[in-house]
Amino acid sequence: MNQLLSLAWRESRTARRRLLLYMSAILFGVAALVAIDSFAENLTRGVHEQARALLGGDVSLRSREKFQPKPTALLDSLNSSGIPVSRQVSFSSMALVPRTSGTRLVQVRAVSAGYPWYGTVETKPASAYADIQGDRRAVVDPAVLVSLDAHIGDTLSLGTGRFLITGTIESVPGDAGISAAIGPRVFIPEKYLDETGLLVFGSRAEYEALIKLPATLSPARFAGRFNPRLSSDRVRLRTVTENEMDMTQAITQMRDFLGVVGLVALLLGGIGVASGVHAFVMRKIDVVAILRCVGATSRQVLTIYVLQAIAMGLIGAGVGAMLGVAIQLSLPRVLKDFLPVDIDVRVVPSAVLTGLAIGIWVSLAFALRPLLALRLVSPLQALRRENDAEVMRRARRDPASLIVSLGIAASVLILGLSRADNAQRGFAYSGGIAVALGVLWLTAAFLTWAARRVVRPSWPFVLRQGLAALHRPGNQTRSVILALGFGVFLMSTLYQVQKNLLKQFDIKLEQSQANAVFLDVQEKQAPGVDSLLRGLPGVQVTQQVPIIPMRIYSINGVLVSTMLAGRARERGLAPSAPDSGAELPQRGKPGAQSGRRSPWALRREFRSTYRDTPVGSEVVTSGKFWTASDSGGVAQISVEKDLASELGVVVGDSMTWDIQGVRVPTRITSTREVNWARFEPNFFVVFQTRALAHAPKQFVFLANIPGARAVALAQRAVVQKFPNVSSLDLTSVQQTVKSVLGKVTVAVRFMAILSLTLGIPVLFSAVSATRRARLREGVLLKVLGATRRHIGRILLSEYVLLGALGALAGVGLSIGGAWALMHWVFDTPFTPALVPAAVVAVAMMTLSAVIGLLTSREVFASTPMEALRES
Amino acid sequence: MLTAESLTKEYRSGDRTLAVLKDVSFTIDQGAFVAIVGPSGSGKTTLLGLLAGLDEASRGRVVLDGADLSKLDEDQRARLRGEKVGFVFQSFQLIPTLTAQENVQVPLELRGDKGADERARELLARVGLKDRGHHFPTQLSGGEQQRVAIARAFSNDPRILFADEPTGNLDSDTGSRIVELLEQLNRESGSTVVLVTHDLALAARTQRVIRLADGAVIEDRLTA
């Protein structure tokens, strides 16, 4: 064995660099796996260590309305028994700085002393956050100061309240950095909240109470005792453990998803290794024949080359692992805006070792298949060289290569299983990977086949030559298309989705014919806001929509409270227990009806409107929308179709609503499909006008205001006169969405760019796999009268074609993938974005042409004389 | 038609200079059928390479159909080959990715000729492979491959055809038929044919034999 080892070492002398290049195909895959696993590990640890800071307390109670008397009593009793409770009320409002007249929509957080119990709100100056409790003070995100043209020391108006700005926010535990961009925060002391006069009828706010438990009382026990009571009062209880579990689960999902991408990349790298080693084998046939002549057994020959492959695989995987560590060290910087925790980046030995092991295994498994062919090289080859294709043909019929193929399939399965926590998911992963590789492979095979079919004799000679060259014996066309295609696929999918999301946004803005929205307009303020807006030059009020908050009281005569209680009882019973008395009568389609009514939908507050015509963003899917002249009988309503199925109701059912204590009986006469994405006020439930015309309500105004400056002026005019009215400049919202989307894609683009580089080593090895054939052809063409220019153009067309096919496969699949994402995830129509696709495609063709021509210098340099010598 | 003047080819090997061809001179007339013979290592292949402009001489010069090859660069020689020279090799040297028909078309297409496919069909018919045009080289026997190679060699109506051991990889029956084909094409098209071989029986069928040994011409005689 020792001799073989040293022979393997000496024999590799001329080929080390080349072998290393082939093995570098696995580099990206290993790097991706190591980076993803290490990062997920560090993130999970960060979440665990900062779990209490993430929630702010041991238990958090949240409600979308002021706490009901029972929860309030509970909190009071906790407080008096020495368990501290702190509170936060958060809502959106307009902020105004009188000195500069700047206005902006901000996220107000009114906090009581002690909030949060764990973690610190970091501010500049450092004491500013704690000090706000002392007086009417506010700390704000720096973005607030910038957009209001204000500085520390200015007075900030929120509604009718006045606060002194004493500091800026650096970070808030539990908030990702990006939240400042979405809605800049303003912290004020809760005790002065009432002075703002902002929380009025119909305002949307979230109320939170953070509880700090003594060490003797576990959050889980606390939750077990109070949760059932609280949920009937529409309070959501979360413990620190639940919060951590949810976050850990999200991290695991991210890790799993990215891990699949990494594994696919690794396996594609494996295919690249296989084609590189194939090329290597082709060059080694002569050497092996000589070794066999001088007495090497086929087993010894195989051992020599397997040893070389292992050594190079080790180096390739090692470099990949180092790259992975480097990537994960830089990830927190790329992702910092999205992470609610501070990450302490450490090298995770288990992730590095796993990456190394998988890398070596994949490189060996894929190298073995072509290496097996070396066993079949006969010593006679030394005397009389056979055709290369002949050797490979024999190798294909080798049963050992079938065994290796099965081994590769088994490895994919094992890799899938090893990354999942249960077998079912493991199979799903392996299946997913196999499908991804299969689709890529089929696309590559199809394009290769089609490229041969479409060629016409009338095409230019060099182009036809280039196409024919793709089918050269021993060609690696499909591997190259796979490798190039995968990178293009990731990159292009990203751009397709991003462009489409942004375009959706643009279209919506156009359709809405309004560029400013005024929210929370109270009933008595409506005429004033209306005349104020209309009085400004060029302003058009395009819609004025009434909104009435309400809850469901009963469905078909059964009280919501009874249904919820029934469900709670049922949960306590054995699963096979017969329907309790509270179960609803079942009619119509069994599928739709027998489903449980969602407690979320039963409990929630609805913000409904009334009108007598459907609007452009909705389509009636069943029943018939009433007309203004329908005046008799019970008031009619139209329910959004997804809500209808959540509630288990159909056209004809009766629903009674609780509107500020008044019961309003209604009958469902239609269901609608609503395009929620449109920039218009849309509603789950629409009432007939006569049912609600006299109910207490508030309004939303949509206005079209020419010019960004005029929008700001209108916003300011409204907020000065009506401090509780919030307004949105849709154009600036669009800017925000763009910048947030841009940041989100940076992280993913990072992966995509790395995967593009995957193609390079694969392309190199594919080119060298056919080196002999290529040289021979070049020489022959020269003998037949081809100039170097001819040769260059033929090579160029071959590589540009390769790049084009790779790009075509990637772009084609990405359009499919992006369509699927838009259709099923984002639920919006898809139009292929051709410009980015074309840019990626051209980049790919250039890359392929440059690498191809660089590696083909020999073909230019060779003299035609070699045609005679070779025979 | 083809003149070799004091052709010398030397290779440097370390600090020694090795002369593979020494001062070779002769003239071959248009339409002649000439064999260059000699044992292996006598410089046959080197001479052929120089005559066809595949390689450059150390000293001396080759004039091919009035063109002094020593005055042309590599690409100019390639163009000259495309127009005036045909080649047949021992190992056929067909391009494996192209069909028989496409292989025959290559020289014409490199020159940019119109009607290449028509001409290629005609040539394949002349070498008796009318129906095999769409086959790839691996689907053809050795004799058939060599016939495709001959059809290719004649596709550009060469003034001169070089054949390097054209029967070397074929059995004697097939080889004999290949030589007949070469003779026939030599007669019909008037192309000069220069055959390199170590097969004396084959050489005897030509009109003139130039014998090489150790890089020098030791005999140059007419056979008929």
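Per chain, numbering begins at 1; letters A, B, ... match sequence-line order.
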| note | To the nearest 0.5 Å, atom NZ of A:Lys782 lies from atom CG of B:Asp75 at 8.0 Å
| request: Compare all side-chain heavy atoms of B:Arg152 with those of A:Leu784 and state whether any distance is below 4.5 angstrom. | output: yes
| field | Portion of B:Phe136 that has a non-hydrogen atom of chain A nearer than 4.5 angstrom | value | side chain
| query | Considering only heavy atoms, which portion of B:Ser155 lies under 4.5 Å from any heavy atom of chain A: side chain, backbone, both, or neither? | reply | neither
| query | Is it the backbone or the side chain of B:Leu94 that comes under 4.5 Å from a heavy atom of chain A, or both, or neither? | reply | backbone
| field | Proximal component of A:Leu470, with respect to chain B [non-hydrogen, under 4.5 Å] | value | neither
| message | Are more than 12 heavy atoms, taken from residues, nucleotides or ligands other than B:His198, located less than 6.0 Å from that residue's NE2 atom? | response | no
| Which heavy atom of B:Gln93 sits nearest a heavy atom of A:Leu780, and at what distance? | O-CD2, 2.7 Å
| Should we say atom CG of B:Asp214 is surrounded by more than 12 heavy atoms from elsewhere, each under 6.0 Å from it? | no
| message | Counting neighbours of CZ on B:Arg147 that are heavy atoms of other residues, nucleotides or ligands and sit closer than 6.0 Å, is the number greater than 12? | response | yes
| said: Quick check: closest heavy atoms across B:Leu54 and A:Thr863, and the distance to 0.1 Å? | reply: O-CB, 4.4 Å
| Are the charged groups of A:Arg464 and B:Glu109 less than 4.0 angstrom apart, N to O? | yes
| query | To the nearest 0.5 Å, how far apart are CD in B:Glu102 and CZ in A:Phe461? | reply | 9.5 Å
| task | Under 4.5 Å, counting heavy-atom pairs only, tell me which of B:Val196, B:Leu80, B:Thr46, B:Leu50 racks up the most with chain A. | result | B:Thr46
| request: Determine the minimum heavy-atom distance between B:Ala78 and A:Ala786, stating which atoms define it. | output: CB-O, 3.3 Å
| More than 12 foreign heavy atoms under 6.0 Å from CD of B:Glu5: is that the case here? | yes
| request: List the steps and the verdict of side-chain contact (heavy atoms from CB on, under 4.5 Å) for B:Leu98 and A:Gln465. | output: CA-CA 8 Å; B:Leu98 303 182; A:Gln465 278 286 323; 3.0 Å; yes
